[in-house]
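Beneath this line is the structure, given in structure tokens, with notes to follow.
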Amino acid sequence: MSIHYRKQITLVPKLLRLNIGSHGWSLSFGPRRAHVSYHGRGRHSTSVRLPGGFTWHRHSRRR
């Protein structure tokens with residue numbers, strides 16, 4: 001069994017959030033349905049929730 005920690009801190013309501021977890025941190029910009037996240041290890045991802053329960057994600061890694 002592993003233990004994970006996650007804390008989300010809102011910096012600007014409905015726009016900018018800081019996510020802190022046991023594996024690192026990330027900064028999310030945008031509303032909940034469409035946002036861009038920048039991770040502490042140089043990665044970033046884009047996520048959009050679509051009607052009907054579908055989600056589109058795009059991840060990239062640091063080169």
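The shown structure was predicted, so the numbers you read here are calculated from the model rather than taken from an experiment. The first residue in the sequence is number 1, and the count goes up from there.
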Hydrophobic clusters here meaning ILVMFWY residues chained together by side-chain heavy-atom distances under 4.5 Å, can you tell me if Val48 and Val36 are in one? no

Polar side chain donor-acceptor pair, His4 to His23, under 3.5 angstrom: yes

Of the non-hydrogen atoms in Tyr38 and Trp25, which two are nearest, and what is the gap between them? O-CZ3, 4.1 Å

Contact summary for Ser60 and Arg43, nearest pair of heavy atoms: O-CB, 3.4 Å

Look up atom OG in Ser26 and atom CZ in Arg6, then write down how far apart they are to the nearest 0.5 Å. 7.5 Å

Derivation of the side-chain contact (heavy atoms from CB on, under 4.5 Å) call for Leu16 and Leu27: CA-CA 7 Å; Leu16 185 62; Leu27 194 62; 4.0 Å; yes

As a quick check of understanding, evaluate side chain to side chain donor-acceptor pair (under 3.5 Å) for Ser37 and Ser28, giving each step before the final call. CA-CA 4 Å; Ser37 296; Ser28 296; 3.1 Å; yes

Distance, nearest 0.5 Å, that separates OG of Ser45 from CZ of Arg58: 11.5 Å

Find the distance between CD1 (Ile9) and CD1 (Ile20) and round it off to the nearest 0.5 Å. 4.0 Å

Carefully, step by step, assess Ser47 and His35 under the rule side chain to side chain donor-acceptor pair (under 3.5 Å). CA-CA 6 Å; Ser47 178; His35 65 271; 4.6 Å; no

Identify the heavy atoms of Arg17 and Pro31 that sit nearest to each other, and give their distance. NH2-O, 4.4 Å

